[in-house]
**Student:** 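Dumping the structure here so I can ask a few things about it.
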Amino acid sequence: MVRNKKPHTLGGTPHRPTGTLDEFVCTPSTLSCSRPPDNMAPGSPGSESAGEPTLDGTQDDTLALIKQELAMISAQMLTKADTGGLLRELRAAVKEEVAALRKDLSSVEVRVEALETEAQASRAQHQAAELATTRQGNMLLSLRRQVEDLENRSRRQNIRIRGLPEPDTAPLQDTLQALFRQILGEECPAVIKLDRAHRSLGPQRPDGRPRDVLCCLHDYSLKERLMTAARGMADIPFRGASVALYQDLSRLTLDARQALRPLTTTLREKGIAYRWGFPFSLQIRQGNAWIQVRWPEDVPEP
């Protein structure tokens, strides 16, 4: 059998194959014991010299290096005591950071509460200021309406005549006397007293349209008779021109009527009666009652 075969010898010296499993598994003592006996005499030329490296010495060096590496690895590994110390340090650091974070959160919470308190106070002040502004606006509008009414009262005997040809070929008061007699007819008094009469201020218009004529009648009742008769006429022809009579109103009233023009246009299209009131108001007939529009909030949003 192969197991009983003698090792091959070279020059009488047994030749042991290198790199076998026994060399890496067995200890040096075991390896030396299992090695076959050397048949050569001591001191023969085929024997190993003292200065040459042997297989046992190489194994010893390898084992020493392995042990050294294992010792270094073991020294670098954390022990249970080291791990416990690191955990305690980590817990302490986390606890310190959490405490600082809680402190910062508490500070932020205090600041947020202060800001909310200030915001509520500012909101209350804003509401109070808004209410005061609304009241002042209403008061200013009321004062404006009073001034407007006073100005309209000072003009209540005035008539604005539009369409009278310009330039005047005769004195303006004589022209107005003839116009009023034509409107009133037989009901016209023999003498119509005019306190003043003049063209509206400003230069002549470049398009050639005549400027309006303003006149103040001394008798208020006569002025109302003239306005009532003029409303019943669709057109007043006078000396080759078409003339219209209007109540002289303040600029504030004219602007307010201009703002309500879409409403009055709709009322005319639907055949709903309306009239202007003083102090300024728009009175709309609804059945047997009249509805007044005096303030902007009286008109609903479109």
Side-chain angles (χ1 to χ4, degrees), residues 105-162 195-196 198 200-203 205 211-217 220-221 223-224 227-228 230-231 244-302:
L105 289 177
S106 300
S107 177
V108 171
E109 183 178 2
V110 172
R111 294 180 182 178
V112 170
E113 290 179 355
L115 289 175
E116 290 180 351
T117 303
E118 292 180 0
Q120 292 177 357
S122 299
R123 191 179 300 110
Q125 292 177 0
H126 174 72
Q127 292 177 353
E130 185 177 3
L131 181 60
T133 302
T134 303
R135 290 177 179 175
Q136 291 178 358
N138 293 335
M139 292 175 61
L140 288 175
L141 183 58
S142 177
L143 291 173
R144 175 181 173 179
R145 288 292 173 81
Q146 294 179 16
V147 173
E148 176 187 359
D149 182 57
L150 291 175
E151 186 175 356
N152 286 329
R153 287 179 183 274
S154 67
R155 298 172 181 235
R156 61 182 177 177
Q157 293 180 217
N158 294 356
I159 297 178
R160 181 179 290 269
I161 305 163
R162 184 166 299 168
D195 291 341
R196 56 185 178 274
H198 58 84
S200 59
L201 301 179
R205 297 172 179 173
R211 292 174 295 172
D212 294 347
V213 175
L214 297 175
C215 66
C216 178
L217 278 74
Y220 176 77
S221 60
K223 174 254 179 183
E224 286 297 314
M227 295 300 297
T228 302
R231 291 191 193 98
L245 272 64
Y246 299 96
Q247 174 66 45
D248 185 27
L249 300 172
S250 67
R251 173 52 57 184
L252 296 176
T253 302
L254 293 176
D255 292 341
R257 290 190 178 186
Q258 180 70 23
L260 291 174
R261 177 169 292 182
L263 178 58
T264 56
T265 302
T266 303
L267 294 175
R268 284 196 298 270
E269 291 175 354
K270 294 185 177 182
I272 300 176
Y274 70 91
R275 66 188 181 188
W276 299 106
F278 297 93
F280 175 80
S281 65
L282 175 63
Q283 300 176 3
I284 304 171
R285 189 182 185 90
Q286 186 178 19
N288 296 327
W290 290 87
I291 302 174
Q292 280 195 351
V293 176
R294 295 198 60 191
W295 309 102
E297 54 269 16
D298 294 338
V299 181
E301 293 293 335

**Student:** Only counting residues at least two apart or in another chain, list the ones meeting side-chain contact (heavy atoms from CB on, under 4.5 Å) with Ile159.
**Tutor:**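 Ile159: side-chain contact (heavy atoms from CB on, under 4.5 Å) contacts with Ile161, Cys215, Leu217, Lys223, Leu226, Met227, Leu245.
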**Student:** Do any side-chain atoms of residues 106-121 form donor-acceptor pairs under 3.5 angstrom with protein atoms, and if so which ones, sequence neighbours left out?
**Tutor:**
| residue | atom | partner | partner atom | Å |
| --- | --- | --- | --- | --- |
| Ser106 | OG | Arg102 | O | 2.9 |
| Thr117 | OG1 | Glu113 | O | 2.9 |

**Student:** Rounded to the nearest 0.5 Å, what's the gap from CG on Leu282 to CG on Leu263? Could you check?
**Tutor:**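 So the CG of Leu282 and the CG of Leu263 are separated by 6.0 Å.
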**Student:** Given 3.5 Å as the limit, does a donor-acceptor pair link the side chain of Arg162 with the main chain of Tyr246, or not?
**Tutor:**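 Judged by distance alone, no pair lies under 3.5 Å.
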**Student:** Which heavy-atom pair separates Asn152 from Ser250 by the least distance, and what is that distance?
**Tutor:**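 Between these two residues, the closest heavy atoms are OD1-N, 2.9 Å.
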**Student:** Could you list all the salt bridge (charged side-chain N to carboxylate O under 4.0 Å, His left out) pairs where at least one residue sits in residues 139-151, not counting sequence neighbours?
**Tutor:**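 For residues 139-151: Arg145-Glu148, Asp149-Arg153, Glu151-Arg155.
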**Student:** Is there any side chain to side chain donor-acceptor pair (under 3.5 Å) pair reaching into residues 123-138, and which pairs are they, with sequence neighbours excluded?
**Tutor:**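 Pairs touching residues 123-138 that pass the test: none.
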**Student:** Looking at every non-hydrogen atom in both residues, tell me the closest pair between Pro279 and Arg294 and how far apart they are.
**Tutor:**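 Pro279 and Arg294 have their closest heavy atoms at CB-NH2, 3.8 Å.
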**Student:** My understanding is that only residues two or more places apart in sequence, or in another chain, count here; which of them pass ring pair (Phe, Tyr, Trp, His ring centres under 6.0 Å) with Tyr274?
**Tutor:**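 Listed in chain order: nothing, the list is empty.
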**Student:** Who pairs with Arg156 by side-chain contact (heavy atoms from CB on, under 4.5 Å), at least two apart in sequence or on another chain?
**Tutor:**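 Residues passing side-chain contact (heavy atoms from CB on, under 4.5 Å) with Arg156: Tyr220.
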**Student:** List in chain and number order the residues that pass side-chain hydrogen bond (donor to acceptor under 3.5 Å, both in side chains) with Arg261, two or more places apart in sequence or in another chain; answer none if no residue qualifies.
**Tutor:**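 Applying side-chain hydrogen bond (donor to acceptor under 3.5 Å, both in side chains) to Arg261 gives Gln258.
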**Student:** If a pair satisfies side chain to side chain donor-acceptor pair (under 3.5 Å) and one of its residues is in residues 281-291, list it, with sequence neighbours excluded.
**Tutor:**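 Non-adjacent pairs meeting side chain to side chain donor-acceptor pair (under 3.5 Å): Arg275-Gln283.
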**Student:** How about Phe280 and Leu249: do any of their side-chain heavy atoms sit closer than 4.5 Å?
**Tutor:**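 No, every pair of side-chain atoms sits at 4.5 Å or beyond.
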**Student:** Tell me the closest heavy-atom pair linking Asn158 and Arg196, and the distance in Å.
**Tutor:**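 Taking Asn158 first and Arg196 second, the nearest heavy atoms are OD1-NH2, 3.9 Å.
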**Student:** When rounded to the nearest 0.5 angstrom, what distance separates CG in Leu260 from OG1 in Thr265?
**Tutor:**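 Here the interatomic distance stands at 10.5 Å.
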**Student:** Can you sort out the partners of Arg257 under salt bridge (Lys or Arg N to Asp or Glu O under 4.0 Å), two or more places apart, ordered by chain and number?
**Tutor:**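 Partners of Arg257 under the salt bridge (Lys or Arg N to Asp or Glu O under 4.0 Å) test: none.
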**Student:** Could you list the residues that satisfy side-chain hydrogen bond (donor to acceptor under 3.5 Å, both in side chains) with Glu269, not counting sequence neighbours?
**Tutor:**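 With sequence neighbours excluded, Glu269 shows a side-chain hydrogen bond (donor to acceptor under 3.5 Å, both in side chains) to no residue whatsoever.
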